[in-house]
Enquirer: 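Here's a structure for you.
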There are 2 protein chains.
Amino acid sequence: MPTLNEVAVRAGVTPATVSNVLRNKGRVGEATRQRVLEAIAELGYRPHLPARALAEGRAPTIALMVSSIANPFYPEFALAVENALQRKGRFLIICNTAGDPQTGRAYLDQIAGTLSEGVLVMNANLDFEDLRMTELRGAPVVLCMWERPADPPGLPCVAVDFRLAGELAAQHLLSLGHRRIGAIVGSKVYGIHAARYDGFIDAMRAAGLDGAASPVLYTPDTTQGGYAAARELLKAHPDLTALFTTNDLPALGAMQAAADLGLDVPNRLSVIGITDIQLARESRPALTTVAVPTVEAAELAVELLLELIETSGTTRTANAGARVSRVCVTSSPYLVARASTGPAHDA
Amino acid sequence: MPTLNEVAVRAGVTPATVSNVLRNKGRVGEATRQRVLEAIAELGYRPHLPARALAEGRAPTIALMVSSIANPFYPEFALAVENALQRKGRFLIICNTAGDPQTGRAYLDQIAGTLSEGVLVMNANLDFEDLRMTELRGAPVVLCMWERPADPPGLPCVAVDFRLAGELAAQHLLSLGHRRIGAIVGSKVYGIHAARYDGFIDAMRAAGLDGAASPVLYTPDTTQGGYAAARELLKAHPDLTALFTTNDLPALGAMQAAADLGLDVPNRLSVIGITDIQLARESRPALTTVAVPTVEAAELAVELLLELIETSGTTRTANAGARVSRVCVTSSPYLVARASTGPAHDA
DNA sequence: GTGAAAGCGCTAACAG
DNA sequence: CTGTTAGCGCTTTCAC
């Protein structure tokens, strides 16, 4: 591969001039510029990114930490992130942590601040401490989907009002006449989906019902988790007419459970999820869900991260850390009514 | 961030020694090694990857070119790739081409041979010429899922016997007594799925049927494509008892179409796909399909690529290109019978 | 306008 | 065993 130096020789100028042409800095004579551009074309020169990174003290990549890119929600998000980065001339490195904090830490240690100038964190089960360390080393960190806008973490983040999402979902069921609604929460108790469940409780209370008294099950945030939880819930409470689920994947699982139990959705049982992943529109019946602005969140996260990178000085300069962590809130979730919900059959 | 030099100073040695300790090269005295390790720990030193890359003339990342990471099959593959790379101390850069050769070329131009030492290509609609150029510039390229082991492309690749996959799928339907089988091909005529369709024809012929005369429709390789094709096929040929589909996504779409048309799967209509993506097991009814060794293919691709990188000298040395392109064949596809296929209803 | 020179952080001979 | 010396390819003052 030709180097900038070779280009310089061929064009009869010095490396500095070639560099200037490349980045439109330092006034360069039109004639020289042409000669340089020709030399570049003839040699097929392309800048060596690591060299540039070294000289500039900045890296051309951003890391996205996820527990597993194979989880259907993440790719949609990753795609949006990559699109946004591409526009900014940066590249995306995918870091699968497998939900293991150790793996996550290893990644952060290796690339944050060297190969990657900043880190985007999706629910990847990382130690908060490790993220703080990463920041202190000079690599900005942005949490991509904080669930409680009103209760900011100690890190910059993009927040989505998931409590509202839960509330909207519950309101939808209530408006269809459902009163006996089971809840399936795709996280641990007080876990990441707590805000969504809170929204459910709030909506129930507003309707004069004691949401907290409704049957609820906590389960892994997967199709299988939702399947198992729905089976259990429906067996224990055959009178339920609807299932509120804190995420689409478990909601999809719940629909399968209903199918296997011979319960018609939506005539006998309504099911609602949250997020609106691609699969939601493709399932039969198509899943009613509360859509979350995924693409917007991705774009905001990239924007925020790049801004932090700009203002934090070079990678080598430790971040002051004194700055108040920024919180960007996305636009609100909204209901997407499809075929998995209908009037309560006992209404 | 502390540099190797600072570590050296603190440990009272020269940078070279620290470097040696870091990479276990050049014999270093035990006492010195300890001092150096302490200094590293105290300072929280971590090597600067771009600097290392520059000095070594090699890059720590590998690029994966895909048309869109959001296509449900790719993430599974990407995860396997990343896992394999992680073991080798390398990082994965995701390049979404959106099926646009220009975007692909731009990516290759920017990172192949500089940021990324090698390129993994999934069906990303790239110009073959661009890939050859990339190789010539010294960045090995591996095609990840070549469909015709018997007919190697001009590039190193991991091949999967997709003709056999098609044959197995058709044989399964035939063994269930199906005779009037519609085919849905998820690519253009003579496109990427041609080998799978060939396998179908072969199996039909072996059963004394003229497969080429069976109703066939070419459609985009998506759920929607399969949905539309199935509707059309089933309307034009209401007597079909089974649908052979060249990929899981369109097969899933076909099942939805059947559901919407009120055709029971598998009692009235059998549907089979190819690949065995995660969704296949999660659909209702669960999709019968011919599984392809995805993880194995990913591992072989990584292995092959790294081998090519090793043997191609440094990134800067142009690849001779004279070497015969290697072809690795994965183990064979195999049938995974689930609930979407059953005996022909007219048998 | 263009060139000369220093240096980013690290590795790689080769000396000692 | 450890130190010295050169760069890797690029950017960036600062002279000319």
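Chain A is the first sequence line, chain B the second, and so forth, proteins listed ahead of strands; every chain is numbered from 1.
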Enquirer: Taking for each residue the nucleotide of DNA chain D with the nearest heavy atom, is it A:Ala51 or A:Thr17 whose nucleotide lies nearer the 5' end?
Expert: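 The residue whose closest nucleotide sits nearer the 5' end is A:Ala51.
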Enquirer: Would you classify B:Pro50 as touching base, sugar-phosphate or nothing, given that sugar-phosphate means primed atoms plus P, OP1 and OP2, and contacts are heavy atoms under 4.0 Å?
Expert: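 No contact.
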Enquirer: Output yes when at least one side-chain N/O atom of A:Lys25 is less than 4.0 Å from OP1 or OP2 of D:dT12, else no.
Expert: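 Yes, because at least one side-chain N or O of A:Lys25 sits under 4.0 Å from OP1 or OP2 of D:dT12.
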Enquirer: Under 4.0 Å between any heavy atoms, over every strand shown, what does A:Val13 touch: base, sugar-phosphate, or nothing? Just pick one.
Expert: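 Touches sugar-phosphate only.
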Enquirer: Measure the distance from CG on A:Asn24 to P on D:dT11 and round it to the nearest whole Å.
Expert: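 So the two atoms are 12 Å apart, to the nearest Å.
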Enquirer: Can you tell me how far C1' of D:dG7 sits from NE2 of A:His48, to the nearest Å?
Expert: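 It works out to 14 Å between those atoms.
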Enquirer: According to a strict under-4.0 Å criterion, is A:Arg23 in side-chain N/O contact with OP1 or OP2 of D:dT12?
Expert: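 Yes, A:Arg23 has a side-chain N/O under 4.0 Å of OP1/OP2 on D:dT12.
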Enquirer: B:Ser19 side chain N/O closer than 4.0 Å to the phosphate oxygens (OP1, OP2) of C:dA12?
Expert: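 Result: no.
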Enquirer: What's the shortest heavy-atom distance between A:Asn96 and B:Glu82, and which atoms?
Expert: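 Shortest heavy-atom contact: N-OE2, 2.9 Å.
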Enquirer: Looking at every non-hydrogen atom in both residues, tell me the closest pair between B:Phe128 and B:Gly154 and how far apart they are.
Expert: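 Reported closest heavy-atom pair: CZ-N, 3.6 Å.
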Enquirer: Whole angstroms only, please: what is the CZ-C1' distance between B:Arg58 and D:dG9?
Expert: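 That distance rounds to 17 Å.
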Enquirer: Please tell me whether A:Arg33 and A:Asn24 have a donor and an acceptor in their side chains that are separated by less than 3.5 angstrom.
Expert: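 Per modelled atom types, A:Arg33 and A:Asn24 side chains form a pair under 3.5 Å.
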Enquirer: Between A:Arg23 and A:Glu56, is there a side-chain N and carboxylate O pair less than 4.0 Å apart?
Expert: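 Answer for the salt bridge query: yes.
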Enquirer: Would you mind telling me which of D:dT12, C:dA12, D:dC8 lies closest to the side-chain atoms of B:Ala16?
Expert: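 Closest nucleotide to the B:Ala16 side chain: C:dA12.
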Enquirer: In this structure, how many angstroms lie between the C1' atom of D:dT2 and the CZ atom of B:Arg33, rounded?
Expert: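 Going from CZ in B:Arg33 over to C1' in D:dT2 covers 13 Å.
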Enquirer: So, does B:Thr32 get its side chain near the phosphate of D:dT2, meaning an N or O under 4.0 Å from OP1 or OP2?
Expert: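 Looking at the OP1 and OP2 atoms of D:dT2, one of them is under 4.0 Å from a side-chain N or O of B:Thr32.
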Enquirer: From CG of B:Leu54 over to C1' of D:dC8, roughly how many Å is that when rounded to an integer?
Expert: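 Taking CG of B:Leu54 and C1' of D:dC8, I get 5 Å after rounding.
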Enquirer: How long is the line joining CD of B:Gln34 and C1' of D:dC1, in whole Å?
Expert: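 After rounding, the gap between these two atoms is 16 Å.
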Enquirer: Tell me the interatomic distance from A:Glu56, atom CD, to C:dG9, atom P, rounded to whole angstroms.
Expert: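 Going from A:Glu56 (CD) to C:dG9 (P), I get 14 Å.
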Enquirer: If only side-chain N and O atoms of B:Arg27 are considered, is one of them under 4.0 Å from the OP1 or OP2 phosphate oxygen of D:dT2?
Expert: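 B:Arg27 to D:dT2 OP1/OP2: no side-chain N or O under 4.0 Å.
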Enquirer: Please determine, by modelled atom types, if A:Glu38 and A:Gln34 share a side-chain donor-acceptor pair under 3.5 angstrom.
Expert: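 No, no side-chain donor-acceptor contact under 3.5 Å.
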Enquirer: Between C:dG9 and B:Thr3, is there an OP1 or OP2 to side-chain N/O distance shorter than 4.0 Å?
Expert: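 No, because none of the side-chain N or O atoms of B:Thr3 sits under 4.0 Å from OP1 or OP2 of C:dG9.
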Enquirer: So which nucleotide from C:dC8, C:dT2, D:dT12 ends up closest to the side chain of A:Val28?
Expert: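 Shortest atom-to-atom distance from the side chain points to C:dT2.
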Enquirer: May I have the distance from A:Leu4 (atom CG) to D:dT11 (atom P), rounded to whole angstrom?
Expert: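 A:Leu4 atom CG is separated from D:dT11 atom P by 6 Å.
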Enquirer: Can you check whether A:Arg52 has a side-chain N or O nearer than 4.0 Å to OP1 or OP2 of D:dG9?
Expert: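 For D:dG9, neither OP1 nor OP2 has a side-chain N or O of A:Arg52 closer than 4.0 Å.
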